[in-house]
Colleague: 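The structure's right below; bear with me while I get my questions together.
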Amino acid sequence: MSTTTTGLSSARRRKKTRLYLVLGGLGCLALATLLMLAAFRDNIVFFFGPSEVVEGKVATGQTFRLGGLVKDGSVDRPGAADEGAVWFTVTDNAQDVRVRFAGLLPDLFREGQGVVALGALNDEGVFLADEVLARHDETYMPPEAVEAMKRAGTWKHTEEGAAEGGAGGAGYAPAAQ
Amino acid sequence: MIAELGHFALTLAAALALIQATVPMVGAARRDHAMMAVAAPAAIVQFLVLGLSFAALMHAYVTSDFSVKNVVLNSHSLKPMLYKISGTWGNHEGSLLLWVAVLALFGALVALFGRNLPPTLKARTLGVQALITLGFLAFMLLTSNPFERVFPPPLEGNDLNPLLQDPGLAFHPPMLYVGYVGLSIAFSFACAALIEGKVDAAWARWVRPWTLLAWIFLTAGIALGSWWAYYELGWGGFWYWDPVENASFMPWLAATALLHSAIVVEKRDTLKSWTILLAIIAFGLSLIGTFLVRSGVLTSVHAFAVDPDRGIFILLLLVLAIGGSLALYAWRAPGLKGGGLFRPVSREGALVMNNLLLSTAAATVFVGTLYPLFLEVVTGEKISVGPPYFNITFVPIMAVLVAALGVGAMLPWKRGDLPAVTRKLTAATIFTAGATAVAILFWTGESALAYAGLAFSFWLGAATMVHLWQRARPTKRVSVADGFRRMRDLPRAVWGMTLAHLGVAVLIFGATGASVMTKETIAAGVPGDSFTVGDYRFTLDRVEQVPGPNYRAERGTFRVYDAESGDFIADLASERRRYVASGQETTEAGIATDLGGDLYAVLGQPADDGGWSVRLYRKPLVPWLWIGSTLLVIGGFLSLSDRRLRVGAPTRSGAQEAPGADAPAGAAPEPAE
């Protein structure tokens with residue numbers, strides 16, 4: 001197997017090579033850890049329901065995900081007057097949060113149904129959404145919407161079976177701003 | 001009747017898999033040739049039986065047999081024929097059936113083309129392959145029978161999710177599956193080699209074509225998926241770092257690393273233990289990908305499996321396959337002897353760096369994808385990790401990889417001379433600087449990131465061409481004309497590598513344009529209104545109602561002009577479709593494309609003031625994404641067609657000379673046909 005003339009130097013070189021490999025591996029590991037920690041610090045997004053938002057658990061300007069139901073009759077589209085933005089209310093059946101989204105809503109966005117939005121609160125307590133996710137399937141509820149109502153205590157146990165089963169499978173269509 | 005036949009075939013296949021997984025294994029241990037000989041015919045029959053089962057399901061879809069539950073849930077008699085056929089695998093059960101059918105196909109291919117494999121290795125490889133098949137067949141038969149009947153049969157089906165009705169998506173899953181499942185062969189070979197306790201250059205030469213084949217399809221599948229997301233979803237992006245995308249991207253990264261490390265095993269008889277581990281990891285990541293997508297633990301477009309039992313079953317399969325193979329690795333790998341020596345600055349060293357960086361990239365993607373799941377299981381906290389995480393971790397690692405690739409590919413085996421190689425790359429460096437300067441003048445006012453992305457792509461392209469020229473004209477003694485002649489005669493593997501590396505350069509070019517250089521406008525207006533996007537003016541011309549085969553649509557037509565000169569450039573038609581059967585809505589983007597990039601328009605919802613919301617983009621260089629992906633695939637096929645790597649694989653006696661000898665590519669003795 002050996003390509004060198006003496007066994008000793010071969011063994012030593014093999015050791016040296018292995019040392020370089022280990023050092024290279026450790027270097028990459030350190031690089032990856034550093035990058036991941038740096039990225040995690042700024043890019044982990046927490047989830048809150050409308051009740052928690054109203055209680056003031058979220059600071060103004062902090063990016064988070066808001067989940068709940070789109071309140072019936074709450075969708076306004078002022079049109080060109082407001083740069084084509086859409087306004088709607090996200091509710092957990094206890095508290096409401098008003099949302100402004102300047103973008104195209106996903107195809108399955110409906111009043112009375114589950115929704116998840118990514119964004120931050122402004123000074124007036126309006127949630128400015130950068131992204132809105134709605135279900136990709138007619139029959140399921142986003143797990144975040146269920147979670148929001150559970151946290152608010154408005155989740156009806158009878159709905160549990162149907163929605164829990166569906167939670168994982170519900171697909172989302174993100175609509176980024 | 002045909003559905004029952006399909007179900008019966010599935011059961012028969014499970015019985016066959018049980019035989020194929022046990023008899024040859026015992027035979028290999030006892031050196032019993034009769035028992036080992038069971039493997040090949042069993043693998044071939046297994047494929048035929050599963051093919052029959054798949055054909056039976058497809059028949060139910062094509063004839064719209066609504067007495068089969070799966071067809072009722074996922075098809076509709078009005079659907080165009082292409083989507084009736086693709087509906088076969090556009091659902092949980094059908095896609096699993098496709099998965100096992102491909103698994104069996106690869107087993108059959110090894111049985112057919114692996115005539116030169118040592119009998120014990122072949123028997124064990126097919127045995128491991130059958131074990132995987134058995135696991136998935138058990139999963140199907142116990143939790144996901146595609147042939148379940150309903151009584152009374154309804155008159156009409158529920159329709160396939162309209163988003164999935166797209167030619168790109170019709171072929172995306174089968175491609176991806178051939179890729180995912182193709183990695184099973186590398187895995188089976190690795191496990192078989194561990195059981196044998198022997199890994200040599202010949203082993204690497206048998207494994208590499210299979211890995212390459214899987215990699216080609218994985219690449220094509222991912223590219224098609226990206227194409228679909230870009231053109232069909234109408235969100236204007238080509239990559240979202242969606243967990244499901246990551247699920248296919250992680251095995252791709254591992255497979256890419258494996259392709260490169262297998263070269264080192266083949267040529268230099270070293271890095272064996274690592275290569276075996278990579279083969280296990282690559283297929284393990286495929287299985288994890290399947291678990292993520294199929295179990296419904298993720299919330300995403302693709303997750304149409306919604307049964308917790310299924311999730312637990314797949315998780316169990318996952319633990320058995322990955323845990324079992326890693327245990328086998330821990331037990332047997334220390335016995336593998338290392339071979340050729342090398343200095344850190346050498347081709348081997350460069351390939352090790354490639355492997356380290358690709359693995360690191362795969363690890364960061366893995367952590368970003370699974371950490372939220374992990375945290376939710378452990379603490380119940382719901383978090384999400386968005387695209388910025390992946391951009392911050394993945395992009396710098398790739399930047400180092402691309403910068404090093406230009407140099408590393410030029411290094412000779414065993415021991416390299418870095419200053420000498422750097423001198424050879426002077427031309428590439430000058431070209432990079434020049435091209436970047438031109439790009440800065442041509443695309444004024446872009447971000448530094450955009451110019452950096454373009455520079456990296458120029459560098460990789462130039463360095464790859466220099467390398468090719470170096471292979472054709474190694475010294476000044478060869479005349480330039482001779483150099484061109486010799487270039488034609490270079491082995492296909494060299495051309496394959498060149499095209500693949502160029503493909504990466506082109507991909508970076510396209511990705512830079514499609515992400516950081518994109519201009520976007522979101523607005524609202526009535527027909528007649530104009531919107532400015534970068535150097536273009538979009539005018540909403542009209543909005544009208546149009547009927548489709550199984551939907552009704554609102555179509556918005558945009559006229560695009562040059563913002564400065566006012567010249568007419570293109571008409572874009574975007575549609576919002578409502579499907580009759582399911583009531584679902586989808587958006588079709590209007591796109592005009594040329595090599596400079598895409599103009600992209602989406603008609604949104606009507607507003608209260610009678611206007612419409614619209615979303616308009618100028619996305620430079622997008623077509624280069626698809627061109628780059630195509631180059632990768634062509635490069636893969638070229639390399640696969642190299643004499644040396646034909647799927648037939650060489651005999652072991654022929655390969656014994658390879659270790660240590662830096663044989664020129666293509667000169668290996670006795671390639672099997």
Side-chain angles (χ1 to χ4, degrees), chain A residues 1-4 10 13-14 17 20-21 24-25 27-29 31-32 35-36 38-40 42-47 65 76-86 102-105 107-109 118 133 136-138 140 142-144 147 165-177, chain B residues 161 163 233 235 237 240 269 295-297 299-308 311 337-342 344 352-353 356-357 359-360 363-364 367 382-386 388-389 392-393 396-397 522-525 582-587 602 604-605 607-609 611 613-615 659-660:
Chain A
M1 279 295 176
S2 168
T3 51
T4 49
S10 155
R13 267 217 269 162
R14 203 184 297 280
T17 307
Y20 284 127
L21 287 181
C28 279
L29 198 68
L31 172 78
L35 285 171
M36 284 194 280
F40 267 144
D42 299 327
N43 294 298
I44 284 189
V45 180
F46 287 90
F47 166 81
R65 289 204 297 170
D76 289 323
R77 301 173 198 271
D82 191 21
E83 295 161 336
V86 188
L104 296 197
L105 288 170
D107 295 323
L108 282 166
F109 181 89
L118 178 77
L133 310 151
H136 234 302
D137 192 298
E138 292 291 335
Y140 305 120
E144 283 88 349
E147 178 77 16
Y172 292 98
Q177 181 182 324
Chain B
N161 186 341
L163 276 172
L233 288 182
W235 305 334
Y240 295 91
D269 202 36
S295 68
V297 296
T299 46
S300 135
V301 178
H302 303 241
F304 25 94
V306 197
D307 189 336
K337 284 275 173 294
L341 296 164
F342 60 90
V352 167
M353 184 165 171
L356 284 175
L357 289 170
S359 317
T360 310
T364 59
V367 170
K382 267 188 184 298
I383 64 155
S384 62
V385 174
Y389 163 84
I392 292 171
T393 54
I397 296 173
I522 296 167
S582 60
Q584 282 204 51
E585 282 183 14
T586 68
T587 306
V602 180
Q605 289 94 348
D608 298 340
D609 63 357
S613 52
V614 295
R615 186 161 170 171

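Each chain gets a letter, A, B and so on, in the order the sequences are listed, and its residues count up from 1.
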Colleague: If you count heavy-atom pairs within less than 4.5 Å of chain B, which of A:Tyr20, A:Phe40, A:Phe46 leads?
Modeller: A:Phe40
Colleague: Against chain A, label B:Val352 side chain, backbone, both or neither, depending on which of its atoms sit under 4.5 Å from a heavy atom there.
Modeller: side chain
Colleague: For a quick test of reading the model, state the closest non-hydrogen atom pair linking B:Leu357 to A:Cys28 and the distance between them.
Modeller: CD2-SG, 4.2 Å
Colleague: Counting C-beta onward and ignoring hydrogens, is there a side-chain heavy-atom pair between A:Ile44 and B:Tyr389 closer than 4.5 Å?
Modeller: no
Colleague: Start with the C-alpha gap between B:Arg615 and B:Thr587, add the side-chain angles, then the distance that decides, and say whether side-chain contact (heavy atoms from CB on, under 4.5 Å) holds.
Modeller: CA-CA 12 Å; B:Arg615 186 161 170 171; B:Thr587 306; over 6 Å; no
Colleague: Tell me, for A:Leu31 versus chain B, whether the close heavy atoms (under 4.5 Å) come from the side chain, the backbone, both or neither.
Modeller: side chain
Colleague: Can you see whether A:Arg65 engages B:Ser384 through a side-chain donor-acceptor pair at a distance of less than 3.5 angstrom?
Modeller: yes
Colleague: Quick check for you: among B:Val614, B:Ile397, B:Thr360, which has the greatest number of heavy-atom pairs under 4.5 Å with chain A?
Modeller: B:Thr360
